[in-house]
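The chain is numbered in sequence order, starting from 1. All heavy atoms count here, side chains included; hydrogens, waters and symmetry mates do not.
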Amino acid sequence: MLVLIAALAMTAPPPPACVTPAGARIVVEPAITDEERALGLMFRDSLAPDRGMLFVFESEGTLPFWMKNTFIPLDFVWLSGEGEVVEVLPDVPPCRLDPCPNYQNATPARAMLEVNAGAAARLGLAPGVRLRCEGIPSFPIQGGAR
């Protein structure tokens with residue numbers, strides 16, 4: 001019995017993730033610092049189908065992104081501070097050469113989730129859908145504060 005308790009205590013917590021209302025789990029890499037947000041998914045040749053990167057910001061607003069040195073097409077999913085999808089931009093193409101276009105949300109957002117192109121539609125991510133994000137420092141905002 002003591003061995004079982006010790007084994008449970010040493011079990012690593014689950015990785016950060018956002019879960020759809022249907023129960024699909026997207027394991028995310030949080031990008032919270034300026035350095036993490038600047039690097040994003042640059043220089044990667046692939047992204048597993050159930051993975052993504054979640055960019056979290058200090059306040060809601062317009063969050064411009066580009067695909068500089070990003071080698072895989074992505075869907076951009078902007079989220080409110082509570083984890084509700086406010087806008088989706090599907091199939092954003094890679095950009096290897098300057099100038100790379102900027103893409104930004106029209107509806108204020110607090111975070112942006114990058115997933116493989118086509119994943120947003122496959123997972124049913126559309127405005128009004130609320131994701132349950134777990135294990136991500138400072139997101140979602142508790143109590144509805146913005």
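For Glu60 (side chain) and Gly81 (main-chain N/O), a donor-acceptor pair under 3.5 Å exists by modelled atom type.
Between Asp75 and Ala117, the closest heavy-atom pair is OD1-CA, 3.3 Å. In plain terms, the two heavy atoms of Asn116 and Leu47 that are nearest each other are ND2-O, 2.7 Å. When all heavy atoms of Val86 and Ala109 are compared, the closest pair comes out as CG2-CB, 4.0 Å. When every heavy atom of Cys95 is checked against every heavy atom of Pro101, the shortest pair comes out as SG-CD, 4.5 Å. Listed here is the closest heavy atom pair of Ala120 and Val77: CB-CG2, 4.1 Å.
Between the CG atom in Leu63 and the CG atom in Asn105 there is a gap of 5.0 Å [rounded to 0.5 Å]. Here OG1 of Thr33 is found 3.5 Å from CD of Glu36. Values are rounded to the nearest 0.5 Å. Distance check, rounded to the nearest 0.5 Å: CD of Glu114 to CD1 of Ile72 gives 8.5 Å. Atom CG of residue Asn69 and atom CZ of residue Phe43 lie 4.0 Å apart, to the nearest 0.5 angstrom. To the nearest 0.5 Å, the span separating CE on Met67 from CZ on Phe76 amounts to 5.0 Å.
Grouping the Ile, Leu, Val, Met, Phe, Trp and Tyr side chains by contacts below 4.5 angstrom, directly or via other members, places Met53 apart from Ile26. Residues Leu39 and Leu74 do not share a hydrophobic cluster, defined by chaining ILVMFWY side chains whose heavy atoms lie under 4.5 Å apart. Clustering ILVMFWY residues whenever any of their side-chain heavy atoms sit less than 4.5 angstrom apart, transitively, puts Leu79 in a cluster other than the one holding Phe57. Leu41 and Met112 fall within a single hydrophobic cluster, where Ile, Leu, Val, Met, Phe, Trp and Tyr side chains are chained together by heavy-atom contacts under 4.5 Å. The hydrophobic cluster containing Val115 also contains Val56, counting ILVMFWY residues as joined when their side-chain heavy atoms lie under 4.5 angstrom apart, directly or transitively.
When side chains are defined from C-beta on, Pro94 does not count as touching Thr70, because their heavy atoms never get closer than 4.5 Å. Considering only heavy atoms from C-beta on, Arg25 comes within 4.5 Å of Pro14 through its side chain. Side-chain contact between Cys18 and Ile136 is present, with heavy atoms from C-beta onward closer than 4.5 Å. Leu54 has its side chain out of reach of Pro30: every pair of non-hydrogen atoms, C-beta onward, lies at least 4.5 Å apart. In this structure, Tyr103 and Val92 have side chains that are in contact, with non-hydrogen atoms separated by less than 4.5 Å. The side-chain heavy atoms of Lys68 and Cys100, taken from C-beta on, include a pair separated by under 4.5 Å. Residues Pro15 and Val27 are in side-chain contact: their nearest non-hydrogen atoms beyond the backbone lie under 4.5 Å apart. In this structure, the side chains of Pro93 and Pro73 stay at 4.5 Å or more apart for every pair of heavy atoms.
Both the sub-6.0 Å distance and the 45° axial angle are not jointly satisfied by Arg110 relative to the ring of Phe55.
Between Glu84 and Arg132, none of the side-chain N atoms (NZ, or NE/NH1/NH2) sits under 4.0 Å from a carboxylate O, so this pair counts as no salt bridge.
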Test log, rule side-chain contact (heavy atoms from CB on, under 4.5 Å), inputs Val19 and Leu131: CA-CA 5 Å; Val19 183; Leu131 299 179; over 6 Å; no
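Partner of Trp78 under the side-chain contact (heavy atoms from CB on, under 4.5 Å) criterion, chosen from Thr62, Leu113, Thr107, Leu89: Leu89. Tested against Glu29, the residues Arg44, Arg37, Arg51 include a single salt bridge (charged side-chain N to carboxylate O under 4.0 Å, His left out) partner, Arg44.
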